[in-house]
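Following: one structure in structure tokens, then a few remarks.
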Amino acid sequence: MPRIRHLPVLLLAVVAVCCSSCGKADNRKPTFIVSGKVLDGTKPLANVAVVFHPVGEDGPKPRGKTDADGAFSLTTYDTADGAPAGEYRVTLELWLAGRPDEGPSNRLPAKLAKPESSGLQTTISTGSNDLTPFNVKK
Amino acid sequence: MFRLKSISRRRKGFTLIELLVVIAIIAILIGLLLPAVQKVREAAARTQCINNLKQLGLGFHGYHDQNGSLPSNIRPSTTSTVRVRWLTFILPQIEQDNLYRNINQTVNWSDPLNTPFTGSRLKVIECPSAPNGQILDGAPPPEAWTPIVANGDYSGFYGVDPQLVTLGLVPANSGRVDNGAISKSVKLNFGSFTDGLSNTLQLTESAGRPSQYRNGKIVLTANGNNRVNGGGWARPASELNLLKGASADGLTIPGPNAINVTNGEALGTYTAPNGHPVYGVDGTGQIYGFHTGGVNALIGDGSVRFLRQTIDIRALAALVTRNGGEVNIE
């Protein structure tokens, strides 16, 4: 009889242990879906690596790559999960294959690859974000 | 007397229950044994894999002793020009001299003169844990893909993707496109390994190509141009190009997870005349092995190390570069 009385307590303990061990071990920040576009004048620019650098704090750098329509969505931890809310500086790079006996090279101006000099800044808010397109020609 | 008789009758045979109990015990013992057998098989395969890498390491050193440099991974400008992978040049040093003499170096590896030889399996480049011998690799687009060359699992790096520097994952001195242990155009000698041979990764595993794997599951079976570019042991495109890493799910490249997350990016469909816009005609593979917890890696000094898949990509990039000037601590 005493064994049966202890059974629910035991079960609860087992469930509690399972939950605590299965929970997220790393401290991930909540992310919000972000989509945007990269244009060269009026043409969409494909294969651009877009990186968001958080302003004033060390944190993960959400990133994305443009498709044939110049559109990208950001990834922080898992693909297309978005970015934590906050202020970001944005860098753009376009690494394309060079001549076959050379390595790939960045085809966009070098200043766009550095957060200090790219001059691109944006804010991610809670909720879904559809950003105004970045234009590499200014 | 009465009692004695009853006992003797009982001992004539086993009851059904007794037999069932014995069978159950045997079944439990076999159940305990089978996983152990599997573990031993995997351990043997891993040892064979380490041995293969050691052989290739001896091949590199033997070639360097005779020629004063390592072989380059020749990839000249057009597909009509000859392309020969480093492995072809070190064949005499790994006791495959007959194969070496049969390969015609004045034509491509995919030429009908060479395919009887490049299409034959080479045990020393195959990891026994990986799914080998099922799919053969073929030429990159715009050439039509026909499975003509036997697969290999070991590849080296040209360099480290500079995009990892932008992401803040590796320091600027690590992220260069031409600082790996394998060169496309230059015959490197050991003097150019200024980080030290024992601090430079020469080869590691990229198994399963040209099919695409992510986190232990096959996601794309190679059956045409849409596949991971690389795999064939005689193809220069089987080199791993740049260390890129990926997100933990293996879908977003580049990223912080570099080992056993994905074995490469699929080429997809495109119409560019000179190959893929980002990769060109180079390989799209990444580090991937079928061992639990990591991959084997040949270090420049000829030793073989097990790289855990939890390794920080900063430490991995320091190992990949031959002249980055990093302090290698793990």
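Letters A, B, ... are given to chains in the order of the sequence lines, protein chains preceding strands, and every chain is numbered from 1.
- Proximity to chain A is absent for every atom of L169(B), based on heavy atoms less than 4.5 angstrom apart.
- Both the backbone and the side chain of T79(A) come within less than 4.5 Å of a heavy atom in chain B.
- With a threshold of 4.5 angstrom between heavy atoms, K114(A) does not approach chain B through any atom at all.
- Side-chain contact between D282(B) and P104(A) is absent, with no heavy atoms from C-beta onward closer than 4.5 Å.
- Note on G159(B), P254(B), P256(B): by heavy-atom pairs under 4.5 Å with chain A, the leading option is P254(B).
- Shortest non-hydrogen contact noted between R63(A) and S247(B) is NH2-CB, 3.6 Å.
- The environment of R308(B) atom CZ is sparse: at most 12 non-hydrogen atoms of other residues, nucleotides or ligands sit within 6.0 angstrom.
- Residue contact with chain B, scored on non-hydrogen atoms closer than 4.5 Å, involves the backbone and the side chain of D78(A) alike.
- The CH2 atom of W95(A) sits 7.5 Å away from atom OG1 of T166(B), with the distance rounded to the nearest 0.5 Å.
- With rounding to the nearest 0.5 Å, the separation of CD in E93(A) from CG in D161(B) is 8.5 Å.
- Note on V177(B), T252(B), I253(B): by heavy-atom pairs under 4.5 Å with chain A, the leading option is T252(B).
- With D178(B) contributing its side chain and G103(A) its backbone, the two residues share no donor-acceptor pair below 3.5 Å.
- Here the shortest heavy-atom pairing between A97(A) and G280(B) reads CB-N, 3.3 Å.
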